[in-house]
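So you know, we letter chains A, B, ... as the sequences are listed, proteins then strands, and number each from 1. Predicted, not measured: the structure shown is a model, and the values here were computed from it.
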Amino acid sequence: MSEGKRNPAIRYLLVFVVMFVIIAPFYWIYSSSLKESSAIVSQAPTLLPPSITFEHYANLLSSSDYPIYLANSIVVSAATMVITVALSTSAAYGLYRLPFPGRKTLYRLILLAYIFPGSLLLIPLYVMLSNFKLLDSQVALIVVNVTFAAPFSVWLLKAFFASIPFELEEAAALDGANWLQTLLLVLVPLASPGVASVAIFAFITSWTEYMFASVLIVSDANRTLPVGLAGIIGQYVVDWGLLLAGAGATTLPIILLFVLIGRYFVRGLLEGGVKA
Amino acid sequence: MALVAPLVIWLLLTIAYPIFSLIRLSFLDVGIIGTGGDFVGLANYQKVLSLRTFAPSMGRSLVWVLGNGVLQTVLAFIAALVLNLPFRGRALARTWVILPWIVPTVVAVIVWRWMLGTSGGIVNTVLLRLGLVQEQIGFFSTGASAMTSLVVMNSWRFFPLLTIIILAGMQSIGEDLYAAAAVDGASAWRRFLHITLPGLQPVLFVMGLVGTLWSVNIFDVIYLVTGGGPSRATMTMPVLIYDMAFLQYRLGRAAAAAVLMALVVSLFTVLFIYFLAPRGDDQDEAWR
């Protein structure tokens, strides 16, 4: 494209501005969370901490319930991830690789579920889970999170499954593999970036969910991170050091996950989008 | 078929059945969960429609959706056009641009409240230093500024996803079209108007629909920052419904409000598809 001929300095300036809008708030969380309490609320904030302290992180781990919330979030997110990967991989395989009547309609219905508003489902799911005596349990959150993660995961897997030649499956069938062996030994390894994308998406969906977690969980011991952190915000005197350390610590696992498999995730979004 | 069944059964139990029970609930006199349950016909609906808080909440939801739609579209187009330029580290930038979308809302809430605050908030500090304002701005203290601040916060979270989707759409537009236009001496603006925009139409259609459905439902960011205040100025429909169901313990009435909102949203969806669905091509493709 002819934009390439333009002044590279302007190009890099534009890229800097866009990335600044994205990244600067995160920089500000981490930079501020390492400052002394007095420096945090100073009327003349500095870009770098004048002196680095880990006291807010230490407070977070020792004098708040953060470790409990963290453990709960890990359990809920990991379970959501495993169930979502299992359900959506098998469904995507069925939908994209095995022709059967009504396939397209079924696919569209699953996508419809994906755009279904969560706030509409909040009240009836609350009533339903309460009838099953599942309120205030992590099972309730896992059930809900899988519901919101799975439809999009099926869509995300489409691009990856579509890129695998059918000949491979035929060869596997000739060698006497059944469908389960074909799926697990041939297709899943080849679509592994897609499966990784789905895993990261399911994990993040669960890690960030607030609305259902705030209603379905009653006791402090079962809270997940978003609701737990929100509870700290709600306290009478806002301890910004503690909150910023909480925000930083909650974001860190996501950043680490993203360093490992973020490019597959965005590739999945990009390739899924091309077929839009 | 057997492979798809577990997911379908799961979704039937957690989406289809709850929708059915929501509609049933809206005709019942239920307060706190586990109590009451007499059939009261349309009484819940009559009550909701007569509430002084109902129509303004619908209006605020409309303002919310329009504000977010416009701001996110503008930001996403700018970001996508920039990230589509050739530059070193482009793949890296395209990966990390999605970051705001994948962090918990509560983290976004903490950082923005922190940045927009009046004690050491970086935004106020910068504005004061540059002499753009004379005194600190209370970003959440008046109705209009609270709504504006919330729209900005929420747009910051969601425009990265839209950016990626637009980038994906841009990739599917053939380079040869741009080459031909360059030969004809078309300006960058004309190329954007006559090649990029039409090429993105199917993508924009899906994003317009899905984005609207998502943003009308946003609850957490509003609830966490303002709780619907000051004096209900940011109380959109989801906040109103949550308030009725879980703070006032009127489940039946809240269910009726949710059904009414769903009807309005469905009407919008039908009209949107009817008037704006890309024509000519296989319409199925637009749903993918």
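A:Trp240 and B:Trp114 have tilted rings, their planes meeting at an angle from 30° to 60° on a 0 to 90° scale. By the 30° and 60° cut-offs, the orientation of the rings of B:Trp101 relative to A:Phe265 is parallel.
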Task: Intermediate values then yes/no, side-chain contact (heavy atoms from CB on, under 4.5 Å), A:Tyr210 and B:Thr105 - done: CA-CA 8 Å; A:Tyr210 172 82; B:Thr105 307; 5.5 Å; no
TODO: Apply side-chain contact (heavy atoms from CB on, under 4.5 Å) to B:Ile98 and A:Phe258, showing your working.
DONE: CA-CA 10 Å; B:Ile98 203 82; A:Phe258 222 60; 3.1 Å; yes
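Distance alone, capped at 3.5 Å, is enough to place a donor-acceptor pair between the A:Tyr12 side chain and the B:Arg88 backbone.
If you take CG on B:Asp220 and OG on A:Ser214, they are separated by 9.0 Å, rounding to the nearest 0.5 Å. Rounded to the nearest 0.5 angstrom, B:Thr95 OG1 and A:Arg263 CZ are separated by 8.0 Å. Rounded to the nearest 0.5 angstrom, A:Met19 CE and B:Trp96 CH2 are separated by 9.5 Å. A:Phe212 CZ to B:Phe219 CZ: the interatomic distance, rounded to the nearest 0.5 Å, is 10.5 Å. In this structure, B:Tyr242 OH and A:Met211 CE are separated by 9.0 Å, a value rounded to the nearest 0.5 Å. Of the inter-residue distances, the one linking A:Phe203 atom CZ with B:Ile102 atom CD1 reads 11.5 Å to the nearest 0.5 angstrom.
For a residue to count as touching a neighbouring chain, one of its non-hydrogen atoms must lie under 4.5 Å from one of that chain's; by this rule B:Leu128 does not touch chain A. In this structure, chain A has a heavy atom under 4.5 Å from the side chain of B:Phe246, while its backbone stays farther away. Interface remark: B:Phe20 contributes no atoms to any contact with chain A (heavy atom separation under 4.5 Å). Only the side chain of B:Met261 comes within contact range of chain A, judged by heavy atoms closer than 4.5 Å. Within the 4.5 angstrom heavy-atom criterion, no atom of A:Val17 approaches chain B. Contacts between B:Ala79 and chain A at a heavy-atom distance below 4.5 Å involve backbone atoms as well as side-chain atoms. The parts of B:Leu99 that come within reach of chain A are both its backbone and its side chain, each placing non-hydrogen atoms under 4.5 angstrom from that chain. For chain B, no part of A:Thr89 is nearby; none of its heavy atoms comes within less than 4.5 Å. Residue B:Val265: no heavy atom, backbone or side chain, is found under 4.5 Å from chain A. Interface residue A:Ile204: only side-chain heavy atoms are found under 4.5 Å from chain B. Proximity to chain A (any heavy atom under 4.5 Å) is shown, for B:Leu167, by both the backbone and the side chain. Proximity to chain B (any heavy atom under 4.5 Å) is shown, for A:Val144, by neither the backbone nor the side chain.
Chain A forms more heavy-atom pairs under 4.5 Å with one residue of B:Val97, B:Val216, B:Leu13 than with any other, namely B:Val97. Interface check for chain B: of the options A:Val143, A:Ile200, A:Val154, the most heavy-atom pairs under 4.5 Å are formed by A:Val143. No other option in A:Ala150, A:Gly262, A:Ser90 has as many heavy-atom pairs under 4.5 Å with chain B as A:Ser90. Top candidate by heavy-atom pairs under 4.5 Å with chain B, chosen from A:Ile83, A:Val146, A:Val18, is A:Val146. Chosen from B:Val259, B:Val106, B:Ile78, the residue pairing most often with chain A at heavy-atom distances under 4.5 Å is B:Val106. Chosen from A:Leu225, A:Ile255, A:Thr84, A:Leu125, the residue pairing most often with chain B at heavy-atom distances under 4.5 Å is A:Leu125. Your options are A:Leu122, A:Leu95, A:Val215, and the one with the most heavy-atom pairs under 4.5 Å with chain B is A:Val215. With chain B as partner, the option from A:Thr251, A:Leu129, A:Ile254, A:Ile23 having the largest number of non-hydrogen pairs under 4.5 angstrom is A:Ile254.
With sequence neighbours excluded, no residue satisfies ring pair (Phe, Tyr, Trp, His ring centres under 6.0 Å) with A:Phe132. Under the side-chain contact (heavy atoms from CB on, under 4.5 Å) criterion, A:Leu13 pairs with no residue, sequence neighbours left out.
Counting only heavy atoms from C-beta outward, the side chains of B:Val4 and A:Tyr93 never approach each other to under 4.5 Å. Using a 4.5 Å heavy-atom threshold, the side chains of A:Thr147 and B:Ile15 count as touching. Side chains of A:Thr250 and B:Pro104 form a contact here, defined as non-hydrogen atoms less than 4.5 Å apart. Between B:Pro160 and A:Ile22, some side-chain heavy-atom pair lies under the 4.5 Å cut-off. With contacts defined as side-chain heavy-atom distances shorter than 4.5 Å, the pair A:Leu106/B:Val8 qualifies. Taking the side chain as every heavy atom from C-beta outward, A:Leu121 and B:Ile19 approach each other to under 4.5 Å. Two residues are said to be in side-chain contact when any heavy atoms from C-beta on lie closer than 4.5 Å; B:Arg24 and A:Pro124 fail this criterion. Using a 4.5 Å heavy-atom threshold, the side chains of B:Ile110 and A:Leu244 count as touching.
Minimum heavy-atom separation, A:Ile123 to B:Ala254: CD1-CB, 3.5 Å. Of all non-hydrogen atoms in B:Arg94 and A:Val266, the two that sit nearest each other are O-CG1, 3.6 Å.
Other residues, nucleotides and ligands contribute over 12 non-hydrogen atoms within 6.0 Å of the CZ atom of A:Arg223. Environment of CZ in A:Phe20: sparse, with no more than 12 heavy atoms of neighbouring residues, nucleotides or ligands closer than 6.0 Å.
Two rings, from A:Phe26 and B:Trp156, have their centers less than 6.0 Å apart.
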